[in-house]
Protein chains: 2
Amino acid sequence: MRSPQPHRSGGDIQQHFHSTVSVQKLKRFNSLILVFRFAAFCFSLASAVFMLTNSRGSDSLHWYNFDAFRYVFIANAIVAIYSLFEMAASVWEISRNATLFPEICQVWFDFGHDQVFAYLVMSANTAGTELARTLKDTCTNNKAFCVQSDIAIILGFAGFLFLSISSLFSGFRVVCFIINGSRFHV
Amino acid sequence: MRSPQPHRSGGDIQQHFHSTVSVQKLKRFNSLILVFRFAAFCFSLASAVFMLTNSRGSDSLHWYNFDAFRYVFIANAIVAIYSLFEMAASVWEISRNATLFPEICQVWFDFGHDQVFAYLVMSANTAGTELARTLKDTCTNNKAFCVQSDIAIILGFAGFLFLSISSLFSGFRVVCFIINGSRFHV
């Protein structure tokens with residue numbers, strides 16, 4: 001009667017050990033995502049702010065007079081707000097060991113938005129680059145405007161880079177969820 | 001002595017059954033990828049051909065005089081060639097149950113190139129769109145040139161859509177490989 005006891009207990013210990021390893025691995029994984037989200041947030045915010053303040057004395061040289069620059073500002077602002085929200089969600093998950101939304105919603109929400117916003121911000125920054133190249137010939141009089149636009153676009157591309165890396169991580173979580181029915185991959 | 005025999009044999013049958021199911025599922029999965037690769041190939045090729053033939057009588061109205069249109073052509077041509085290669089690799093895998101390159105190289109090659117080329121073609125098509133919008137004001141005399149550019153860009157976006165879906169599938173294969181050490185996910 002007593003012989004199965006140690007075995008069950010050993011199994012419990014082993015299971016508990018595996019579960020602890022799982023939780024710790026997930027925490028490290030989420031901390032890594034948090035770092036990339038933070039980088040994406042910083043660069044996108046900086047890009048949006050640089051574009052927003054890009055107005056010069058002359059009447060026509062305001063960023064909001066150019067469709068592509070408006071697109072750059074809006075896309076980067078959206079990514080900055082989204083990254084801030086995702087950072088909050090990550091901190092919540094790390095501190096409470098539970099997702100903000102139900103797990104299935106959370107993994108799909110993260111991955112779907114990462115993908116769409118990565119393409120959006122890539123597209124916006126390319127449109128901005130194309131416009132900046134077109135303007136190069138006409139803006140010899142006001143170089144500062146062009147330089148500030150270029151900086152905003154470069155910052156936007158850096159934001160895109162970190163967002164696309166985050167999207168790889170969130171994609172990994174989705175596939176773990178599909179295969180294991182949980183975002184834990186061990 | 002004989003009692004474990006039926007059990008082992010049952011295990012073998014079960015394992016064989018699982019393995020057959022695995023292979024069949026993988027075949028269906030690869031066939032689905034093949035369909036999306038084919039769609040990406042058709043649209044990218046059509047886009048590249050539409051751009052390549054977009055020259056009008058007037059001296060300046062040739063696609064190769066515009067950087068962004070050259071970018072659209074090159075990106076779509078690259079995606080068309082890549083999709084053709086990937087279709088061949090898929091057909092090889094479906095018919096021989098083995099990948100063209102060693103498995104680990106193949107899954108990372110597919111996923112890496114899908115991601116990079118999806119961003120590339122998205123970026124090219126957006127740059128093309130921005131240029132087409134800039135040209136709108138100046139090309140009232142030669143509407144056909146603008147219309148053909150627009151069609152090439154729209155076809156390019158359709159190609160991007162199918163390539164990005166393929167990239168999701170190849171991402172799934174990479175994660176299966178990381179988790180299970182094999183591209184089989186069951």
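Here is how names work: the chains are called A, B, and so on, in the same order as the sequence lines, proteins then strands, and each is numbered from 1.
When hydrophobic clusters are built by joining Ile, Leu, Val, Met, Phe, Trp and Tyr residues whose side-chain heavy atoms come closer than 4.5 Å, directly or via intermediates, B:Leu155 is not grouped with B:Val35. A:Val49 and A:Val121 are not part of a single hydrophobic cluster, where members link through side-chain heavy atoms under 4.5 Å apart. B:Leu45 and B:Ile151 are assigned to two separate hydrophobic clusters, defined by single-linkage of ILVMFWY side chains at heavy-atom distances under 4.5 Å. The hydrophobic cluster containing A:Leu61 also contains A:Leu52, counting ILVMFWY residues as joined when their side-chain heavy atoms lie under 4.5 angstrom apart, directly or transitively.
Residues A:Ala127 and B:Glu130 approach most closely at O-CG, 3.6 Å, considering heavy atoms. Shown here for A:Thr126 and B:Ser123, the closest heavy-atom pair between the two residues is CG2-O, 3.1 Å.
Contacts of A:Thr129 with chain B are absent, with no heavy-atom separation under 4.5 Å from either backbone or side chain.
In this pair, A:Tyr119 and B:Phe160 present their aromatic rings perpendicular. The plane angle is above 60°, beyond the 30 to 60° band.
With chain A as the partner, the residue from B:Asp67, B:Leu131, B:Leu168 showing the most heavy-atom pairs under 4.5 Å is B:Asp67.
Environment of CZ in B:Arg133: sparse, with no more than 12 heavy atoms of neighbouring residues, nucleotides or ligands closer than 6.0 Å.
Annotation: the span from A:Phe66 atom CZ to B:Thr134 atom OG1 amounts to 11.0 Å, rounded to 0.5 Å.
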